[in-house]
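Here the structure comes first, spelled out in structure tokens, and everything after it is commentary.
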Amino acid sequence: MLLCIFELTNFSDLHKYADSDNLYIRGFVVHAFPVKQADPDCASRDIIIVNEEKKLMLMTLWNEFEHDEGSKIADMISTAPLIIVLRVKVTTFNILSFTTRYSSGILISPPLPDDLFFKQYDANCLLSPPNEEDIKAISTFQASFSIQKAAWVQGTVKLAYGFTKYWTTTCVNCHKIVNANIDWIIHCPSCKQQSEVELRARIQIIITDPSRSIHCIISGEDAEKMIEFTPLQLKQAQEDFISKASRKIIKGSDVHPNDKVGT
């Protein structure tokens, strides 16, 4: 049981602490980006944290924090682990985000008393709508993409045609993409568990706002809410199209991805 008392900072108040380096925060890690190796002696990893306000923040783990806590968090990411971060810095380098310092500390899935526990974040649930000032123009987000890894955007959505495969195979446990047949039993490289393989929708969309358009890929439940076909129907449609295309090629006629398939 963790009996220490921490004065935690709300994410909504971070603008008051710009460039401060002695904050205490907590939240669930919902995404871990790959390691960035600037040189043999400098490594970092970005993670995305959501707190009880349902606000997302980016945090950069440097060097030993990336190697130790970052690797452990990445291995646990399918469970959205709770972390408490001590003496973290709020940086204003292009975006408001967190970064570790030499004196920082990270507690991963600490045993908490009831008064410090809040309901576990469900990564499958939609976040509450962002504040208007948090929504960025697509052109602004694209211009800072090498630094800003996550942003809220708003626009109209349409399907991107020419994307020839609208389904993928994933681990049943953690829903990460795996290169396996659906009748296989695998040892998932992400969650490290023995797992069955399932079909999930994976589609490319175009989001457009007054400034620009951006291509995005959505998958799983988010994709399946936007279309009226199941992943199995999408897979069968692709197989039917390939079969139809093969027959037409043999006969010397043309086939287009928008052609209707089936009997």
Side-chain angles (χ1 to χ4, degrees), residues 1-14 17-113 115-124 127 146-151 171 173-176 187-193:
M1 184 70 68
L2 187 64
L3 299 178
C4 303
I5 297 176
F6 300 114
E7 186 175 345
L8 301 168
T9 302
N10 291 330
F11 290 1
S12 58
D13 293 331
L14 292 180
Y17 302 97
D19 294 322
S20 299
D21 57 10
N22 197 35
L23 273 66
Y24 290 65
I25 62 167
R26 68 177 175 184
F28 291 104
V29 184
V30 295
H31 188 75
F33 289 95
V35 177
K36 293 182 291 186
Q37 192 79 42
D39 58 57
D41 297 320
C42 183
S44 66
R45 183 196 297 270
D46 292 330
I47 61 175
I48 295 178
I49 309 171
V50 62
N51 71 347
E52 57 264 52
E53 301 170 282
K54 294 187 177 180
K55 290 186 176 292
L56 295 169
M57 286 295 295
L58 189 77
M59 183 166 76
T60 302
L61 310 178
W62 288 97
N63 298 324
E64 67 270 16
F65 293 105
E66 185 288 311
H67 181 269
D68 297 331
E69 288 84 358
S71 297
K72 185 175 180 180
I73 289 170
D75 289 341
M76 301 169 60
I77 198 62
S78 62
T79 66
L82 173 69
I83 62 172
I84 295 178
V85 189
L86 319 177
R87 297 177 296 278
V88 68
K89 181 176 181 178
V90 178
T91 177
T92 55
F93 183 66
N94 278 331
I95 60 170
L96 199 66
S97 63
F98 298 121
T99 184
T100 56
R101 303 173 61 249
Y102 69 92
S103 60
S104 298
I106 301 176
L107 306 177
I108 303 174
S109 300
L112 298 176
D115 60 342
L116 274 182
F117 182 79
F118 61 97
K119 187 176 180 180
Q120 182 168 351
Y121 175 76
D122 182 356
N124 293 317
L127 295 173
S146 61
I147 299 171
Q148 182 179 354
K149 302 301 191 302
C171 167
N173 292 329
C174 67
H175 306 301
K176 295 296 180 65
H187 185 78
C188 178
S190 297
C191 66
K192 313 300 182 185
Q193 301 294 317

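Throughout, numbering of the chain's residues begins at 1 and tracks the sequence. Just so we're clear, the structure is a prediction, and the values are computed from it rather than from any experiment.
- A search for ring-ring contact (aromatic ring centres under 6.0 Å, His included) contacts involving F98 returns F11, not counting sequence neighbours.
- With rounding to the nearest 0.5 angstrom, the CG atom of L58 is 10.0 Å from the NE2 atom of H31.
- Taking every heavy atom of both residues into account, S20 and L23 meet most closely at CB-CD1, 3.6 Å.
- Applying the side-chain contact (heavy atoms from CB on, under 4.5 Å) test to S104 and every residue at least two apart in sequence or in another chain returns F65, T100, R101.
- Using modelled atom types, no side-chain atom of R45 and backbone atom of T60 make a donor-acceptor pair closer than 3.5 Å.
- The two residues A80 and F28 come nearest to each other via the heavy atoms O-CD2, 3.1 Å.
- Looking at K55 and L14, their side chains never come closer than 4.5 Å, going by heavy atoms from C-beta outward.
- Residues V50 and I48 form no side-chain contact, since every pair of their non-hydrogen atoms from C-beta on lies 4.5 Å or further apart.
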(message) If you apply the rule side chain to side chain contact (heavy atoms under 4.5 Å, CB included), what do you find for E69 with E64, and how did you get there?
(response) CA-CA 8 Å; E69 288 84 358; E64 67 270 16; 6.0 Å; no
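- In this view, S12 and E53 satisfy the side-chain hydrogen bond (donor to acceptor under 3.5 Å, both in side chains) rule, not counting sequence neighbours.
- Checked against ring-ring contact (aromatic ring centres under 6.0 Å, His included), Y17 has no partners two or more places apart in sequence or in another chain.
- Using a 4.5 Å heavy-atom threshold, the side chains of V30 and L56 count as touching.
- Taking every heavy atom of both residues into account, V29 and I73 meet most closely at CG1-CG2, 3.7 Å.
- Legend: residues meeting side-chain hydrogen bond (donor to acceptor under 3.5 Å, both in side chains) with T9, ordered by chain and number and at least two apart, are absent.
- Using a 4.5 Å heavy-atom cutoff, the side chains of L96 and V90 are in contact.
- At least one donor-acceptor pair closer than 3.5 Å links the side chain of N63 to the backbone N or O of A43.
- Side-chain contact between I83 and V85 is present, with at least one heavy-atom pair separated by less than 4.5 Å.
- Between E66 and K36 there is no salt bridge, since no side-chain N of the basic residue sits under 4.0 Å from a carboxylate O of the acidic one.
- A distance of 13.0 Å separates CZ of R26 from CG of L86, quoted to the nearest 0.5 Å.
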(request) Let me see the working for S109 and M76 under side chain to side chain contact (heavy atoms under 4.5 Å, CB included), right down to the final yes or no. (result) CA-CA 10 Å; S109 300; M76 301 169 60; 3.5 Å; yes
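- With sequence neighbours left out, R87 forms a salt bridge (charged side-chain N to carboxylate O under 4.0 Å, His left out) with no residue at all.
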(message) Please evaluate residues N51 and I25 with respect to the criterion side chain to side chain contact (heavy atoms under 4.5 Å, CB included), reporting the C-alpha separation (whole Å), side-chain torsions for both, the decisive distance (0.1 Å), and the verdict.
(response) CA-CA 9 Å; N51 71 347; I25 62 167; over 6 Å; no
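- With L61 as the fixed residue, the side-chain contact (heavy atoms from CB on, under 4.5 Å) test singles out one of D46, T99, V35, I47: I47.
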